[in-house]
Amino acid sequence: SSSSSSSSSSSGMKRTSSKVSPADAADDAGEPETKRVKDDEVTGMNDAAAVLQNSSAEVYEFYSMPRIAPRTLGKFVKKSMSFDMNTSDENGRAWDFTRANMRQKARDHVRDKKPLFIIGSPPCDQWSIMQNLNNGKRNQDEVHRKLVEARIHLDFCAELYQMQIDGVRYYLHENPTSCLLYTSDA
């Protein structure tokens, strides 16, 4: 049988989680678990939607042109921002997170503004199976430099996510499931 647990955060939003037993999984053979939605999860999603509709939530996108945030602006959120190389800060400087000062500025912004949601889409090219097929033919110093840079971006996103967790807020990490990041000691 399955068991569920729920808790309330300081925002009043109900969080739910479900555990599926092997017997339940066998009953739904062939159906991916990610497509299963329990009644208490629907209630939790409805509660979340109600909180968002009555909130002053902010959504920040990192490593992404404004895609998700503008679609929610006015519907669910009061403010959205995109932190990307193609967007700029109040001084007209690109959000280039290879630069330590820009990473710190973004950290400070998240710490001070406490957005409800962060969506992180760090560059995945160095974790791509296809991109790495030619690594043997490329300059190895360049391959190493790009991998170090990719690690900086990934670690930076992890820091932002931890800030969200510590503040009982939310994040979404967006990268292809087939990338090497999930299968290596990245």
Q: Do Ile118 and Arg169 come within less than 4.5 Å of each other through their side chains, counting heavy atoms only?
A: no
Q: Would you give the length of the straight line joining atom CZ of Phe117 to atom CD of Glu61, rounded to the nearest 0.5 angstrom?
A: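 Reported value, rounded in 0.5 Å steps: 12.5 Å.
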Q: Are the side chains of Lys105 and Arg93 in touch, meaning some heavy atoms are under 4.5 Å apart?
A: yes
Q: Is the closest basic N to carboxylate O distance between Glu58 and Lys113 below 4.0 Å?
A: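 Lys113 and Glu58: not salt-bridged.
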Q: Do Tyr171 and Phe97 sit in one hydrophobic cluster, given that two such residues count as connected whenever their side-chain heavy atoms are within less than 4.5 Å of each other, even indirectly?
A: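 Cluster IDs for Tyr171 and Phe97 match.
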Q: If the test is ring-ring contact (aromatic ring centres under 6.0 Å, His included), which one of Trp95, Phe83, Phe62, Tyr63 qualifies with His153?
A: Tyr63
Q: Identify the two heavy atoms, one from Ala57 and one from Leu116, that lie closest to each other, and give their separation to 0.1 Å.
A: CB-CD2, 3.6 Å
Q: Do Arg67 and Ser121 come within less than 4.5 Å of each other through their side chains, counting heavy atoms only?
A: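 Yes. Closest side-chain heavy atoms under 4.5 Å.
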Q: Which heavy atom of Arg138 sits nearest to which heavy atom of Val143, and what is that distance?
A: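 What the structure gives for the nearest pair is CB-CG2, 3.7 Å.
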Q: Has Gln140 got a side-chain atom pairing as donor or acceptor with Asn135's backbone, closer than 3.5 angstrom?
A: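 Judged by distance alone, yes, a pair lies under 3.5 Å.
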Q: So, do Leu160 and Met163 sit near enough that their side-chain heavy atoms are less than 4.5 Å apart?
A: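 Side-chain contact under 4.5 Å: yes.
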Q: Do Gln164 and Pro115 have side chains that get closer than 4.5 Å, going by heavy atoms?
A: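 Sidechains of Pro115 and Gln164: in contact.
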Q: Same cluster for Ile165 and Val110 if Ile/Leu/Val/Met/Phe/Trp/Tyr side chains link at under 4.5 Å?
A: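 Linked within one cluster.
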Q: Quick one, Glu159 and Gln162 - any side-chain contact, counting heavy atoms below 4.5 Å?
A: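 No - every pair of side-chain heavy atoms lies 4.5 Å or more apart.
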Q: Which label fits Tyr161 and His173: parallel for a plane angle under 30°, tilted from 30 to 60°, or perpendicular past 60°?
A: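 Perpendicular, since the angle between the ring planes exceeds 60°.
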Q: Is the shortest side-chain N to carboxylate O distance from Arg111 to Asp108 below 4.0 Å?
A: yes
Q: On a heavy-atom basis, which atom in Thr87 and which in Pro66 lie closest, and how many Å separate them?
A: CG2-CD, 4.2 Å
Q: Give a yes or no on whether Met81 and Ile119 share a hydrophobic cluster (residues Ile, Leu, Val, Met, Phe, Trp, Tyr; joining criterion: side-chain heavy atoms under 4.5 Å apart).
A: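 Unlinked, Met81 and Ile119 end up in two clusters.
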Q: Count I, L, V, M, F, W, Y as connected when their side-chain heavy atoms are under 4.5 Å apart, and connections chain through other members. Are Met85 and Leu154 then in the same cluster?
A: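 The answer is no; the residues belong to distinct hydrophobic clusters.
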Q: Determine whether Val59 and Leu172 fall in the same hydrophobic cluster, where Ile, Leu, Val, Met, Phe, Trp and Tyr are linked whenever their side-chain heavy atoms lie under 4.5 Å apart.
A: yes
